[in-house]
Amino acid sequence: MEIVDIAGLRAQQIATAGNVIRHDAFDFQTPSIIAGADVGFEQGGEVTRAAIALLRFPSLELIEYQVARINTTMPYIPGFLSFREYPALLAAWQRLSQQPDLVFVDGHGISHPRRLGVASHFGLLIDRPTIGVAKRRLCGRFEPLSDEPDARAPLIDKGEQVAWVWRSKLRCNPLFISTGHRVGLDSALHWVRRCMRGYRLPEPTRWADAVASNRMAFQRWRQGQESPDLFNPQ
DNA sequence: GCGACAG
DNA sequence: ATCTTGTCGC
């Protein structure tokens, strides 16, 4: 892990954030393929592992996944997550045999102090519609949600709405759904809502998380798929 | 000055 | 994020 110039990265974020497109700017009426993207770590954090899972829409069946491992270059610093994670995400992205119409990224999009969370930064780099799906707040404030499933409240930061705080499931903490790139806030929530299957997280995110973190659920699934070396292809 | 702080 | 099984509560 190298030394990082935080002031330089901050300047880069401010300069780059202006390129993020916050409204719907895509060709599809309904997406055919939606991806989930997530990052995990190995060997005490020395190795970064990114996973991207491709799901058919609206059936939400897994059709492909790719994993990439690279040496970790940066420590985790709140507000600078994208610089730590995007290199591995790009590596996994380049391994895909086909490109998805929409990508759900684990983490925030514009709901970031300088409006450039990992979902927005990665979206700009691949120039694809992306949505940020985060489990915890990074910035902004919101009114308490009712207990009802589907309850929502705007996340407000510096006077503007930067995300939807949304209760995806009864008795579960809400998710933070934000524009990544080329997807408006309301559309972002719309597509996430259409990818739910009874869990707190949408299916693309669940699969990406399971693959990136090598969850036992994923290992069991691999067992049933009898494809032993898909996970260690390099 | 103090607290907050994605993964 | 990661180390990790069972366990308490709805």
Is [X] close enough to [N] that one of its side-chain N or O atoms is under 4.0 Å from OP1 or OP2 there?
| X | N | value |
| --- | --- | --- |
| A:Arg137 | B:dC5 | yes |
| A:Arg171 | C:dC10 | no |
| A:Ser111 | B:dA6 | no |

If I take atom [atom1] in residue [X] and atom [atom2] in nucleotide [N], what distance separates them, rounded to the nearest angstrom?
| X | N | atom1 | atom2 | answer |
| --- | --- | --- | --- | --- |
| A:Leu81 | B:dG7 | CG | C1' | 5 Å |
| A:Glu42 | C:dA1 | CD | C1' | 12 Å |
| A:Gln13 | B:dC5 | CD | C1' | 14 Å |
| A:Arg49 | B:dG7 | CZ | P | 17 Å |
| A:Asp209 | C:dT2 | CG | P | 8 Å |
| A:Asp157 | B:dC5 | CG | P | 13 Å |
| A:Glu85 | B:dA6 | CD | P | 12 Å |

Is the NZ or CZ atom of A:Arg206 both under 6.0 Å from the centre of the six-membered ring of A:Tyr199 and within 45° of that ring's axis?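 Geometry flag: set, cation within 6.0 Å and 45°.
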Step through the shown structure and confirm whether more than 12 heavy atoms of other residues, nucleotides or ligands are within 6.0 Å of CD on A:Glu143.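 Counting neighbours around CD of A:Glu143, 12 or fewer heavy atoms of other residues, nucleotides or ligands fall under 6.0 Å, so no.
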Hey, does [X] reach any base, or is it just sugar-phosphate, or nothing, if we go heavy atoms under 4.0 Å?
| X | value |
| --- | --- |
| A:Gly79 | base |
| A:Gly40 | sugar-phosphate |
| A:Phe80 | base |

Kindly confirm whether the side-chain ring of A:Tyr76 is stacked on the base of B:dG7, judged by centres under 5.5 Å and planes under 30°.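 The ring of A:Tyr76 is stacked on B:dG7.
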Evaluate the ring planes of A:His121 and A:Tyr86, with Trp represented by its six-membered ring, and classify them as parallel (under 30°), tilted (30 to 60°) or perpendicular (over 60°).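 Tilted: the ring planes of A:His121 and A:Tyr86 meet at 30° to 60°.
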Among the candidates B:dA6, C:dT2, B:dG7, find the nucleotide nearest to the side-chain atoms of A:Leu138.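 Given the options B:dA6, C:dT2, B:dG7, the side chain of A:Leu138 is closest to B:dA6.
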